[in-house]
Peer 1: 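This is the structure, below, for whatever I ask next.
Because only heavy atoms are used, hydrogens play no part in the values below, and waters and symmetry mates are left out as well, while side chains stay in.
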Amino acid sequence: MNNVEFSSLSSSSSIAPFLRWAGGKRWLTSRYSRLFPESFDCYLEPFLGSASVYFHLQPLEAILSDLNQELIDSYKAIRDDWQTVYALLKAHSDSHCSEYYYQVRATIPDSLEAKAARFIYLNRTCWNGLYRVNSSGKFNVPIGTKKRALLDSDNFELLSKYFEKVSFLSDDFEVVINLAKKGDFIFADPPYTVKHNLNGFIGYNEKIFHWDDQVRLSECLKRASSRGCLVMLTNANHASVKELYVDDFQILELSRNSNIAGMPSNRGVYEEIIVRNY
């Protein structure tokens with residue numbers, strides 16, 4: 001291990017996730033930062049989402065992946081041409097209203113930058129920041145209550161600099177994890193499928209994450225651990241999930257608040273587990 005410690009572009013540079021994402025890990029980075037390794041080489045994340053952990057750790061080298069191609073294309077577009085993405089997003093924000101929202105939702109632009117601006121605009125103005133598509137892969141979330149698509153915290157220029165040394169992929173988690181070498185750190189935050197697929201969270205994407213995928217992920221992480229990789233996984237606090245890791249990893253139980261439910265009365269505290277090999 002080269003013992004590369006957490007490093008940012010500068011000691012004063014900090015940046016938060018710019019997307020809203022169901023199952024995001026801001027609660028983990030803000031309350032349990034001590035659980036991450038103190039040093040590692042390359043950082044790999046196969047279920048990227050809003051990249052909360054990546055932004056918290058600010059690694060010098062990273063491989064970031066998600067099966068959501070629109071999501072990955074948005075990161076790439078900001079890296080390669082943040083000015084155009086920002087200008088198009090500003091135009092969306094200036095025109096935002098109910099009629100405009102549904103017009104944009106129904107239209108798929110051609111350029112990567114325009115697709116990214118559309119994706120960010122819909123993410124920030126849809127209901128509860130939820131990403132959901134129908135069986136045809138079309139985004140179908142209704143409009144939310146946000147009035148603008150630009151944030152005071154937006155700094156796409158800084159984002160583009162963070163992403164210069166990032167390899168973005170949109171591939172199966174096994175392909176990504178198999179790239180990890182001794183001394184690398186893998187953070188895996190899969191959909192929280194439990195045995196018999198009894199929880200509804202997996203329904204947010206047209207690419208369903210089955211229990212067989214959960215088993216395959218555990219075997220993949222065990223192989224990575226045997227290669228000398230640092231491994232950290234978040235998952236549902238469920239006996240069927242724990243059984244996959246109990247013989248090979250440490251398991252910690254944590255609590256978090258859920259903000260996904262539409263009615264505040266339906267939101268509550270949920271138990272999750274952290275699985276680690278260090």
Side-chain angles (χ1 to χ4, degrees), residues 14-36 43-59 62-75 78 116 119-133 139 141 144-146 149 151-156 158-159 162-163 166 168 170 173 176 185-193 199-205 207 209 217 232-237 241 252-262 264 266-275:
S14 63
I15 197 161
F18 63 96
L19 294 170
R20 304 160 70 201
W21 209 257
K25 288 297 173 285
R26 296 192 195 198
W27 65 271
L28 178 63
T29 60
S30 63
R31 297 173 56 191
Y32 301 103
S33 61
R34 66 186 184 279
L35 297 180
F36 296 104
Y43 173 76
L44 297 92
E45 186 169 353
F47 306 95
L48 185 58
S50 62
S52 296
V53 174
Y54 166 78
F55 286 124
H56 173 72
L57 299 182
Q58 301 179 19
I63 299 173
L64 308 179
S65 180
D66 199 287
L67 280 180
N68 188 323
Q69 187 68 58
E70 286 186 283
L71 174 70
I72 293 300
D73 284 347
S74 297
Y75 286 114
I78 290 176
F119 184 86
I120 299 168
Y121 165 68
L122 294 176
N123 174 266
R124 291 180 172 182
T125 57
C126 73
W127 177 79
N128 221 26
L130 175 66
Y131 183 87
R132 185 188 64 207
V133 295
F139 186 79
V141 181
T145 58
K146 302 294 183 182
L151 305 177
D152 294 337
S153 59
D154 282 336
N155 189 337
F156 286 8
L158 181 59
L159 280 172
Y162 271 83
F163 296 159
V166 172
F168 287 107
S170 184
F173 65 81
V176 179
F185 174 43
I186 303 163
F187 174 70
D189 179 33
Y192 286 7
T193 311
N199 63 325
F201 188 79
I202 58 173
Y204 282 132
N205 199 313
K207 299 181 180 70
F209 194 83
L217 174 61
M232 181 174 179
L233 168 98
T234 58
N235 218 309
N237 187 0
V241 178
L252 305 175
E253 297 182 356
L254 304 177
S255 299
R256 70 166 179 89
N257 293 322
S258 172
N259 295 318
I260 297 176
N266 292 332
R267 301 173 185 173
V269 176
Y270 290 79
E271 295 292 326
E272 300 193 8
I273 58 171
I274 297 291
V275 175

Peer 1: If you take all heavy atoms of P190 and F209, which pair is closest and at what distance?
Peer 2: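 Nearest pair, atom of P190 first, then F209: CB-CZ, 3.9 Å.
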Peer 1: Check side-chain contact (heavy atoms from CB on, under 4.5 Å) between A149 and all other residues, then give those that pass, not counting sequence neighbours.
Peer 2: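 Applying side-chain contact (heavy atoms from CB on, under 4.5 Å) to A149 gives L89, S93, Y121, T125.
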Peer 1: I'd like to know if the side chain of S30 reaches the main chain of W27, judged simply by a donor and an acceptor atom lying under 3.5 Å from each other, with no hydrogens or angles considered.
Peer 2: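 Yes, because the side chain of S30 sits within donor-acceptor range (under 3.5 Å) of the backbone of W27.
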Peer 1: Go through the structure and list residues passing side-chain contact (heavy atoms from CB on, under 4.5 Å) with D73, not counting sequence neighbours.
Peer 2: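 Partners of D73 under the side-chain contact (heavy atoms from CB on, under 4.5 Å) test: Q69, K76, L112.
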Peer 1: May I ask you to decide if the ring planes of F18 and F55 are parallel, tilted or perpendicular, using 30° and 60° as cut-offs?
Peer 2: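 Judged by the thresholds at 30° and 60°, the geometry between F18 and F55 is perpendicular.
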Peer 1: Given side chains that start at C-beta, do those of I63 and V176 come closer than 4.5 Å, heavy atoms only?
Peer 2: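 With C-beta onward as the side chain, the pair touches.
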Peer 1: Of all residues at least two apart in sequence or in a different chain, which pass the side-chain contact (heavy atoms from CB on, under 4.5 Å) check with L35?
Peer 2: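 Y32, M232, L252, L254, I274, R276.
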Peer 1: By salt bridge (Lys or Arg N to Asp or Glu O under 4.0 Å), which residues pair with R20, not counting sequence neighbours?
Peer 2: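 Partners of R20 under the salt bridge (Lys or Arg N to Asp or Glu O under 4.0 Å) test: none.
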Peer 1: Taking only residues two or more places apart in sequence, or in another chain, which ones meet Y54 in a side chain to side chain donor-acceptor pair (under 3.5 Å)?
Peer 2: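 If we apply the side chain to side chain donor-acceptor pair (under 3.5 Å) test to Y54, skipping adjacent residues, there are no hits.
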Peer 1: Only counting residues at least two apart or in another chain, list the ones meeting side chain to side chain donor-acceptor pair (under 3.5 Å) with Y75.
Peer 2: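 If we apply the side chain to side chain donor-acceptor pair (under 3.5 Å) test to Y75, skipping adjacent residues, there are no hits.
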Peer 1: Can you give me the closest heavy-atom contact between V241 and A236, atom names plus distance?
Peer 2: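 V241 and A236 have their closest heavy atoms at CB-O, 3.9 Å.
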Peer 1: Could you tell me whether a side-chain N or O of N128 sits under 3.5 Å from a main-chain N or O of L130, the two making a donor and an acceptor?
Peer 2: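 Pair absent, no side-chain N/O of N128 close to backbone of L130.
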Peer 1: Residues two or more places apart in sequence or in another chain: which of them pass salt bridge (Lys or Arg N to Asp or Glu O under 4.0 Å) with D189?
Peer 2: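 Result, salt bridge (Lys or Arg N to Asp or Glu O under 4.0 Å) vs D189: K25.
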Peer 1: Is there a side-chain contact between T234 and Y192 (heavy atoms, below 4.5 Å)?
Peer 2: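 Touching, per the 4.5 Å side-chain cut-off.
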Peer 1: So, for S255 and R31, which heavy atoms are closest and what is the spacing to 0.1 Å?
Peer 2: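 Answer, listing the atom of S255 first, then R31: O-NH1, 3.3 Å.
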Peer 1: Going by salt bridge (Lys or Arg N to Asp or Glu O under 4.0 Å), name the residues that satisfy it together with K146, two or more places apart in sequence or in a different chain.
Peer 2: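 K146 satisfies salt bridge (Lys or Arg N to Asp or Glu O under 4.0 Å) with no residue once adjacent residues are dropped.
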Peer 1: Would you confirm whether D66, through its side chain, and I72, through its main-chain N or O, come within 3.5 Å as a donor-acceptor pair?
Peer 2: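 It does not hold such a pair.
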Peer 1: Assert yes or no for the condition that the ring centre distance of F139 to F119 is strictly below 6.0 Å.
Peer 2: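 Distance test on ring centres: not under 6.0 Å, no.
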Peer 1: Tell me, please, which residues at least two apart from S50 pass side-chain contact (heavy atoms from CB on, under 4.5 Å).
Peer 2: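 Partners of S50 by the side-chain contact (heavy atoms from CB on, under 4.5 Å) criterion, ordered by chain and then number, come out as P17, L19, W21, S52.
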Peer 1: So, does R26 use its side chain to make a donor-acceptor pair with the main chain of A16 at under 3.5 Å?
Peer 2: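 Between the backbone of A16 and the side chain of R26 there is no qualifying donor-acceptor contact (under 3.5 Å).
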Peer 1: Sequence neighbours excluded, which residues qualify as side chain to side chain donor-acceptor pair (under 3.5 Å) partners of N123?
Peer 2: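 Per chain and number, N123 pairs via side chain to side chain donor-acceptor pair (under 3.5 Å) with no residue.
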Peer 1: Testing the basics here: between L48 and E45, what is the closest heavy-atom pair and its distance to 0.1 Å?
Peer 2: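 Heavy atoms of L48 and E45 come nearest at O-OE2, 3.6 Å.
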Peer 1: Who are the ring pair (Phe, Tyr, Trp, His ring centres under 6.0 Å) partners of F187, not counting sequence neighbours?
Peer 2: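 For F187, no residue satisfies ring pair (Phe, Tyr, Trp, His ring centres under 6.0 Å) once neighbours in sequence are set aside.
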